[in-house]
Amino acid sequence: MDARCVRDALRRWGLAGVALTLIPGLTGASHRTANFVVEAPTPDVAKKVAEQAEICRSTIAKQWLGRDLPAWTTPCPIKVKITGGEAGGVTSFGFNRGKVSDQDMAVEGRLDRILASALPHEVTHTIFAAYFGGPMPRWADEGASLLSEDLRERQRHDQIAIDLLNRRGDFPLSRLFRMEEYPSDLMGFYGQGYSISRFLIEMGGRPRFLKFVKDGLNSGWDLATRTHYGLSDVRELDRAWHSWHKVASRGTANSDLVLVRAQSDSEPQE
Ligand SMILES: [Zn+2]
């Protein structure tokens, strides 16, 4: 089987028309590390991005998988375009027989924003692709990758989630979990995916979140919700998320969250 998916953070900034093919003509230098080969306008930028990508790869893999990833046999190419604006990125993957068969990444924006936000986000997609060996549900892939971005971006997505819930624009989780394409309200989709990912991770940590998503995909979301979070089904999870969100958005402790934590403590720690 060969599947290809594109992860697209550029869309968040309304740059969906920027294609990977536009970028190579703008590059002028290359820097190679163990797992990345970066093309950028200058040697300094290429080196900074490659070294930061290696740091992100190791740090983020340990956060999510509890271990470093083995070295890739082929380095992941990263094309860098420096602009004066906010940062975004695209990573595309090919999968073959449950493994990543090829991957490539492009990032653009101001260098400081690329290093703090777009690059960690895109590298997180590569960690998830390696773990899943196939496309990860979009809400989880994007929502959890946002957790790797800097505080400014995380707070911005917290606010998007607050606005989304205030105008009752959120998807029922039973629908969100099954969405295979990006909806027209892309900002809301990223904000909701980020918020529910944050909620699940605060309840049970990152490795459990990945197991939940994998089991949800393979065995159904109600069963995965019971197994990993001690809640009866996705509807109950949806209610728990809403009540957590109400309190979390005010920045105070949440008794419902404590209850949910207690229920999920029956599962052994990863
Ligand atoms: Zn993304």
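Position 1 is the first residue of the sequence, and the numbers go up from there. Being a predicted model, the structure only gives us computed values, none of them experimental. Counting starts at 1 for both ligands and their atoms, in listed order.
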- Message: To 10 degrees, how wide is the angle OE1 (E142) to the Zn ion (ligand 1) to NE2 (H121)?
- Response: 100°
- Message: Need the atom name: nearest N/O/S atom of H125 to the Zn ion (ligand 1).
- Response: NE2
- R57 NZ/CZ over W72 ring centroid, <6.0 Å and within 45° of normal: yes
- Within less than 2.8 Å of the Zn ion (ligand 1), any N, O or S from D141? no
- Message: Using the rule given for side-chain contact (heavy atoms from CB on, under 4.5 Å), can you reason through M203 versus W244, listing the C-alpha separation, both sets of side-chain angles and the distance that settles it, and then say yes or no?
- Response: CA-CA 10 Å; M203 277 203 291; W244 168 84; over 6 Å; no
- Under 3.5 Å, is there a donor-acceptor pair between the S148 and T124 side chains? yes
- Item | Residues R239 and D233 bridged, charged N to O under 4.0 Å | no
